[in-house]
Amino acid sequence: MATPLLQKIANGKIWKFFGGIKPQELKDTSNCVIETLKIPSLITIPLSRHLGPEGEILVNVGDHVKRGQPLTVASGRYVPVHASTSGTISAISKEVLPHPSGYTDLCISIKPDGLDECEPYNPISNWESVDNNTLLERIRSYGIEGLGGAVFQTEAKLRSALDDAKDGCKVLIINGCECEPAITCDDRIMQEQATDIAKGIAILNKILKPTVTVVAIEDNKHKAIQAMEVACKGVATVRVIPTIYPSGAARNLIKIITGIEVPYNVHTSECGIVVDNVGTVLAVKEAIIDGKPLTERVITVTGDNFKHQGNVRVRLGTSVRFILSNFGLNPEYHQRVILGGPMMGFTLPTIDVPITKAASCVLAPSSKQIPKLKQQTNCIRCGRCARVCPSRLVPYQMYSQSKASNHAAAQKCGIKDCTLCGACAYVCPSFIPLTAQFRYEKAVEKHIYEAEKRNARAKERIAAKQQRLHEEELARQKKKEEALARIKAQKEAEAKMTPEELQASRQKALEEAKAKAKARKEALLKGATTPLSGEVNDESQTVERIKNQERKAIEISKHEGHMDNPLAKARLEQEALAKKLQQEKEAHKNDLPFNLRRQAAVRTDTLNIKYYEEVIDNNTTHALVGLEPNDALQNPERKKPVAQVLMSAQFDKKVENNKLPEVLKKKTLRSKK
Ligand code: SF4
Ligand code: SF4
């Protein structure tokens, strides 16, 4: 940025941006002092962020949390979310979010305990002397995001100006325009907390070291201008600009203050210009000087349908329904409740949605205040929409392409540059809902973009897999060729040998193979964790190694006299049992008569005879057999004479024989004949 331009900016020159409109102001609440809303009975905090992933959830259902406690941890430039009051986590589930489509996403719900206990505040009292990284990290970790509506991560924006801008930050613009009709929360903040905002500006000045710092305020906010002029002496210049909608949009404001038109594909901070909303600057001051994470914000509650209107400080996550009921409105089914202003806001599909950092207004207008949309008619190509578009677009072209689902053409028309300011729809004599269509088109394009990204990632994965398979195939081929060449060479060599040489050579090869196998076996017994050089670490080796490690663990456990290792304990118990059974078997082996001993030895698997005893019952000698003495004597099922057992075994054999397939049975019978 050239010095003469900076000089002009410093001298107070202002420029005009293209297009714009002058809608009804509806700023009745600019005199309403900021109230503080009581804590609701349920807080719902959405986890989705403007940029990047949600972060890792740090809490579980049932956990108790305090106000300001981080609920997620986000690394890099991503921002965590914080509990906005103390209470118990009642759910981590998908809830309806404040969006025209009413889509659901992951939220953390807190059941407040009413105590509103806070995490201890951790102010950086010496912020003037600490390094920028500490301040930026504090801004990130305390959840500071743009409160003007865009919810862009403040720390990322500041870093971008420091790292990406060619000559660092030249102009810092504090946005106090609040051009949207009906919204007065920033106006009230400037009236009531001008000194705090000035401290926040001083922090940003310290971080960015801009050449010029300007607080831009529209000329319809007299009290705010006065308060800010007094408070900002020495830190910034207050610049009063004409009230034209949408002068508060970052690019339009940059044009007004600096005369520069920032291209739409470039971040403003990359041009060395940073624009921050007054609410965000206040949050920066609270995070650094007071040590408070961002857990609340000021919103305007306005519209003829409320019993009373005003500006109110609410905890993030408070439901719109709770706010409405506190302002005396229980809306009918068809009654419109708009989140945001009449130009950029949208009608809520349900009032059970939480207030987020992006929300600045809840509007419940009467049909007299904001008339219902009239019946739309065909475009008459009057060109009014193009004349008011601050992004220099041709809205009727974009609309027709989008309506025809011609997304590529809509993109070419510049849908990306549309800021959804609503100026075109406001002036359209045919009442065409241009902004609503553009919002829909942007959502579709986001969907298409994400699908393309997914497809590109999938293609990369497939290409990498094919490359890997190709390389493996090549390696296999090479190995095969080497082996064939080796065999061929060996055969050729053997062909030239005498029979004695051939035998000696084969003997030598055999011995080498044996030595190699022996070495491998020894290495395995030692529990080698890595394969011997030149060997393949196959599955059997792995199993053997695990067994060795297990054996070692058992020995160590035995040696140390404790059985903490459950595997070792189970193995030892198994060994002890096997040993005991063996001993018992040995002790009773001579109890059996020779014949039966032989049979038992031969037929253990069939008859399961391990014990034999002769008893005299009714003058008949019976032999008792069984698994063990007690078993044989006490279990009537096993009190069978040996002959009976043998017979039953023979019978079993017969049964088995009868189970043969019919064809085989016939064959057996024929052979017997
Ligand atoms: S203002 Fe409405 S009628 Fe006129 S050109 Fe634009 S879309 Fe068509
Ligand atoms: S909504 Fe988009 S197209 Fe319409 S005036 Fe605003 S920037 Fe231009």
Side-chain angles (χ1 to χ4, degrees), residues 16-24 99-101 148-150 152 175 177-183 218 242-256 260-268 275 338-347 358 360-361 370-446:
K16 194 180 173 311
F17 69 94
F18 180 82
I21 51 171
K22 280 200 171 197
Q24 234 187 319
H99 191 270
S101 66
F152 196 85
N175 187 352
C177 291
E178 205 168 44
C179 57
E180 174 97 22
I183 305 179
E218 281 184 324
T243 306
I244 298 173
Y245 180 82
S247 57
R251 283 180 164 80
N252 299 339
L253 192 56
I254 290 172
K255 172 73 186 176
I256 294 171
I260 296 170
E261 275 191 37
V262 181
Y264 275 86
N265 54 356
V266 174
H267 281 302
T268 57
V275 183
I338 298 171
L339 192 70
M343 298 299 293
M344 291 187 77
F346 55 89
T347 305
S360 54
C361 179
I370 300 180
K372 281 192 178 160
L373 279 181
K374 293 191 182 141
Q375 183 64 41
Q376 90 174 67
T377 52
N378 288 340
C379 173
I380 54 169
R381 295 288 191 270
C382 66
R384 281 193 209 178
C385 50
R387 283 199 292 278
V388 298
C389 177
S391 305
R392 297 178 192 269
L393 302 172
V394 186
Y396 63 83
Q397 265 184 6
M398 258 172 13
Y399 178 81
S400 54
Q401 299 294 6
S402 172
K403 261 300 199 199
S405 297
N406 198 347
H407 305 300
Q411 264 200 2
K412 273 191 185 165
C413 289
I415 191 86
K416 266 190 178 171
D417 301 344
C418 172
T419 56
L420 301 176
C421 69
C424 52
Y426 184 80
V427 296
C428 178
S430 300
F431 308 110
I432 298 171
L434 296 161
T435 322
Q437 185 64 34
F438 300 156
R439 187 175 281 127
Y440 163 79
E441 185 61 33
K442 273 177 176 278
V444 169
E445 285 196 359
K446 193 178 170 202

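Atoms considered below: every heavy atom in the structure, side chains included; atoms not considered: hydrogens, waters and symmetry mates. We count ligands from 1, going down the list as the structure has it; atoms in each ligand are counted the same way.
- For ligand 1, the atoms closer than 4.0 angstrom to any heavy atom of Gly383 are 4 (Fe), 5 (S).
- Atoms of ligand 2 lying under 4.0 Å from at least one heavy atom of Cys389, given by number and element, are 3 (S), 5 (S), 7 (S), 8 (Fe).
- Between Thr377 and Phe431, the closest side-chain pair of non-hydrogen atoms is not below 4.5 Å.
- With a 6.0 Å radius and a threshold of 12 heavy atoms from other residues, nucleotides or ligands, His99 has its NE2 atom above the threshold.
- Heavy-atom neighbours of Tyr440 OH from other residues, nucleotides or ligands within 6.0 Å: at or below the threshold of 12.
- A heavy-atom distance below 4.5 Å is found between the side chains of Tyr426 and Pro23.
- Considering each of Pro390, Ala423, Gly19, Gly422, the one bringing a non-hydrogen atom nearest atom 1 (S) of ligand 2 is Gly422.
- Counting only heavy atoms from C-beta outward, the side chains of Pro395 and Phe438 approach each other to under 4.5 Å.
- The shortest side-chain heavy-atom distance between Thr419 and Arg251 does not fall under the 4.5 Å cut-off.
- Protein atoms that are N, O or S and lie under 2.8 Å from atom 2 (Fe) of ligand 1 are these: Cys428 SG.
- The shortest side-chain heavy-atom distance between Pro342 and Glu180 falls under the 4.5 Å cut-off.
- Here the side chains of Ile244 and Lys22 are in contact, with some heavy-atom distance below 4.5 Å.
- Listed by atom number, the atoms of ligand 1 under 4.0 Å from Arg381 heavy atoms are 5 (S), 8 (Fe).
- For a distance bound of 2.8 Å, the N, O or S atoms of Cys418 include one lying that close to atom 2 (Fe) of ligand 2.
- Closest to atom 6 (Fe) of ligand 2 among all protein heavy atoms lies Cys421 SG, 2.3 Å.
- No side-chain heavy atom of Cys424 sits under 4.5 Å from any side-chain heavy atom of Tyr396.
- Closest heavy-atom approach to atom 7 (S) of ligand 2 among the candidates Thr419, Ile21, Ile415, Asp417: Thr419.
- Shown in contact with Ser391 at under 4.0 Å from a heavy atom are these atoms of ligand 2, numbered in order with element: 7 (S).
- Residues passing the salt bridge (charged side-chain N to carboxylate O under 4.0 Å, His left out) test with Glu445: none are found, sequence neighbours excluded.
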